[in-house]
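One structure is given here, and the rest of the page talks about it.
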2 protein chains.
Amino acid sequence: MSMAANSKRKFEAMRNDSRLSRMLHVLIHMDRHKGAATSDMIANMLNTNPVVVRRTMAGLRDQGYVRSEKGRGGGWTLARKLEDISLLDIHQALGAPPIFAIGLTEDHPECLVEQAVNSALTDAFKEAEAVLVARFAGVTLADLARDFDQRFEQISKCR
Amino acid sequence: MSMAANSKRKFEAMRNDSRLSRMLHVLIHMDRHKGAATSDMIANMLNTNPVVVRRTMAGLRDQGYVRSEKGRGGGWTLARKLEDISLLDIHQALGAPPIFAIGLTEDHPECLVEQAVNSALTDAFKEAEAVLVARFAGVTLADLARDFDQRFEQISKCR
DNA sequence: ACCTCTAGCAACAAGAAAAGTTACGAGATA
DNA sequence: TATCTCGTAACTTTTCTTGTTGCTAGAGGT
């Protein structure tokens with residue numbers, strides 16, 4: 001029963017890039033778990049498969065946020081404290097994928113109308129992106145963990 | 001030579017939704033053009049084909065920003081003045097497509113960690129979206145046209 | 001030594017989404 | 001009536017991301 005792990009969700013092919021959300025989820029769980037988490041375990045948690053996990057976590061490893069160890073007893077461990085990892089860090093470790101689903105056209109670079117349109121749109125997008133990046137930079141995984149604690153407390157109280 | 005129009009760009013299938021950019025481009029040109037623009041003409045301008053143009057412009061027509069007329073001499077005309085159309089109007093007329101390429105996960109709605117993560121992310125996205133929407137609402141097509149005029153003037157001066 | 005567990009990696013398959021395409025219908029005008 | 005034009009449905013193409021398989025290599029335990 002060692003390698004009976006993966007594949008649950010076959011369809012429903014993700015219109016959005018949910019890697020950031022997933023990695024944040026995983027990292028916080030890793031912090032609590034204490035002990036290496038195997039790709040298989042993580043894949044189960046995310047309803048995906050171990051190869052996808054390794055693929056995605058590779059970026060985090062390269063940036064020094066997690067470590068991976070081969071062999072028996074190996075797996076993934078946090079390489080930093082949660083308070084030293086921001087949402088922006090993880091976003092960038094994932095390769096800073098495009099934030100916006102809306103894009104510009106470059107069909108007629110010399111067209112002054114196109115230039116005016118693109119200029120207005122890029123200004124707006126840059127402004128929104130700056131806000132998002134600032135937000136991401138200002139939130140650490142420790143903040144999320146604290147939020148978790150509060151939610152847990154809240155639920156405990158209600159019983 | 002009447003119907004030798006469409007298809008230039010076969011490949012390069014658009015990673016982003018560029019409909020907003022394209023429609024803005026078209027609308028401003030329509031304002032200058034004076035006279036109905038056929039889907040074929042517009043398709044040529046955008047390096048696409050007439051059916052895609054109709055499909056996209058349908059939303060703008062339904063919201064009253066443009067009119068379409070069938071038959072000889074028909075085509076598309078502006079139904080409002082440029083100063084009465086904002087970028088936000090067009091975005092919404094296109095069905096308010098998703099702005100962000102990054103999404104959340106709902107794998108474990110009961111998981112408090114996931115809740116904490118999603119809460120932080122949605123807050124950030126909402127804030128960024130509010131900024132973008134405010135920007136879009138504050139810019140009219142007339143503003144873009146003015147920007148065009150300035151660029152044109154600039155170029156004329158440089159000669 | 002050998003066996004098992006683990007990540008790393010490359011290559012391929014699958015599924016979905018957006019755009020492109022084809023085909024035909026309906027209205028308008030000469 | 002012939003032709004131009006949009007309206008629309010159905011199908012195809014292209015591309016992206018993820019999922020999957022198969023193999024290599026390293027790390028322990030037995």
Side-chain angles (χ1 to χ4, degrees), chain A residues 1-20 22 35-44 46-62 66-77 94-95 97-98 101-103 105 107, chain B residues 1-23 35-44 46-62 66-77 94-95 97-98 101-103 105 107:
Chain A
M1 66 179 61
S2 52
M3 58 118 339
N6 26 356
S7 71
K8 280 179 187 168
R9 163 183 311 171
K10 297 276 191 177
F11 302 4
E12 177 180 342
M14 221 84 29
R15 63 274 289 121
N16 293 324
D17 179 354
S18 56
R19 287 178 300 161
L20 177 60
R22 289 180 151 186
T38 67
S39 301
D40 229 69
M41 292 165 49
I42 297 173
N44 271 115
L46 300 179
N47 291 316
T48 181
N49 80 57
V51 178
V52 174
V53 171
R54 291 184 197 116
R55 200 186 275 159
T56 310
M57 303 269 291
L60 308 197
R61 181 195 54 216
D62 295 346
V66 296
R67 264 188 293 268
S68 61
E69 310 236 23
K70 292 181 176 178
R72 180 177 295 239
W76 299 87
T77 47
L94 290 172
I102 295 177
T105 53
D107 289 332
Chain B
M1 66 178 64
S2 51
M3 58 118 336
N6 26 359
S7 71
K8 280 179 185 167
R9 163 183 311 171
K10 297 276 191 175
F11 305 1
E12 180 179 340
M14 223 84 30
R15 63 276 289 130
N16 293 325
D17 179 355
S18 56
R19 288 177 300 162
L20 178 60
S21 173
R22 289 180 151 186
M23 287 303 102
T38 67
S39 301
D40 229 70
M41 291 164 50
I42 297 172
N44 270 115
L46 300 178
N47 291 316
T48 181
N49 80 58
V51 178
V52 174
V53 171
R54 290 185 200 115
R55 199 186 277 161
T56 309
M57 302 270 289
L60 308 197
R61 180 194 55 218
D62 295 346
V66 296
R67 264 188 294 267
S68 62
E69 309 235 24
K70 292 180 176 179
R72 181 178 295 239
W76 300 87
T77 47
L94 290 172
I102 295 178
T105 53
D107 288 332

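Each chain gets a letter, A, B and so on, in the order the sequences are listed, and its residues count up from 1. Just so you know, these numbers come straight off a predicted model, no measurement behind them.
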Under 4.0 Å between a side-chain N/O of [X] and OP1 or OP2 of [N], yes or no?
{"X": "Thr48(B)", "N": "dG20(C)", "value": "yes"}
{"X": "Ser68(B)", "N": "dG7(D)", "value": "yes"}
{"X": "Ser39(A)", "N": "dA7(C)", "value": "yes"}

Q.
Under 3.5 Å, is there a donor on one side chain and an acceptor on the other for Ser39(A) and Arg54(A)?
A.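 Short answer, yes.
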
Q) Taking atom types as modelled and ignoring hydrogens, do the side chains of Thr105(B) and Ser18(A) form a donor-acceptor contact shorter than 3.5 angstrom? A)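 No, Ser18(A) and Thr105(B) have no side-chain donor paired with an acceptor closer than 3.5 Å.
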
Q. dA19(C), dA7(C), dT8(D): which one has an atom nearest the side-chain heavy atoms of Val52(B)?
A.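 For the Val52(B) side chain, the nearest candidate turns out to be dA19(C).
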
Q.
Checking contacts here: which listed nucleotide (dT21(C), dC4(D), dT6(C)) is nearest the side-chain heavy atoms of Arg72(B)?
A.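 The listed nucleotide nearest to Arg72(B)'s side chain is dC4(D).
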
Between [N] atom [atom2] and [X] atom [atom1], what is the distance in whole Å?
{"X": "Ile42(B)", "N": "dC4(D)", "atom1": "CD1", "atom2": "C1'", "result": "15 Å"}
{"X": "Leu94(B)", "N": "dA18(C)", "atom1": "CG", "atom2": "C1'", "result": "14 Å"}
{"X": "Asn47(B)", "N": "dA19(C)", "atom1": "CG", "atom2": "P", "result": "15 Å"}
{"X": "Arg55(A)", "N": "dA11(C)", "atom1": "CZ", "atom2": "C1'", "result": "10 Å"}
{"X": "Asn16(B)", "N": "dA19(C)", "atom1": "CG", "atom2": "C1'", "result": "14 Å"}
{"X": "Asn49(A)", "N": "dA14(C)", "atom1": "CG", "atom2": "C1'", "result": "13 Å"}
{"X": "Met41(A)", "N": "dC5(C)", "atom1": "CE", "atom2": "P", "result": "15 Å"}
{"X": "Met57(B)", "N": "dA19(C)", "atom1": "CE", "atom2": "P", "result": "15 Å"}

Q: Answer whether the closest heavy-atom distance between the side chains of Val52(B) and Thr56(B) falls below 4.5 Å.
A: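 Yes, their side chains come closer than 4.5 Å.
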
Q | Position toward the 5' end of DNA chain D (nearest nucleotide), Val51(A) or Lys70(A) | A |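 Whichever sits nearer the 5' end wins; that is Val51(A).
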
Q.
Assuming nearest nucleotide by heavy-atom distance, tell me which of Arg19(A) and Arg54(A) is located more 5' along DNA chain D.
A.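 This one resolves to Arg19(A).
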
Q.
Nearest heavy atom decides the nucleotide; on that basis, is Gly71(B) or Pro98(B) closer to the 5' end of DNA chain C?
A.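 Nearest nucleotide further toward 5': that of Pro98(B).
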
Q | Value rounded to 0.5 Å, distance of CE in Met23(B) from CG in Leu94(B) | A |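 One gets 7.0 Å once the value is rounded to the nearest 0.5 Å.
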
Q. How far does CG of Asp107(B) sit from CG of Asn47(A), to the nearest 0.5 angstrom?
A.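 The CG atom of Asn47(A) is 5.0 Å from CG of Asp107(B), to the nearest 0.5 Å.
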
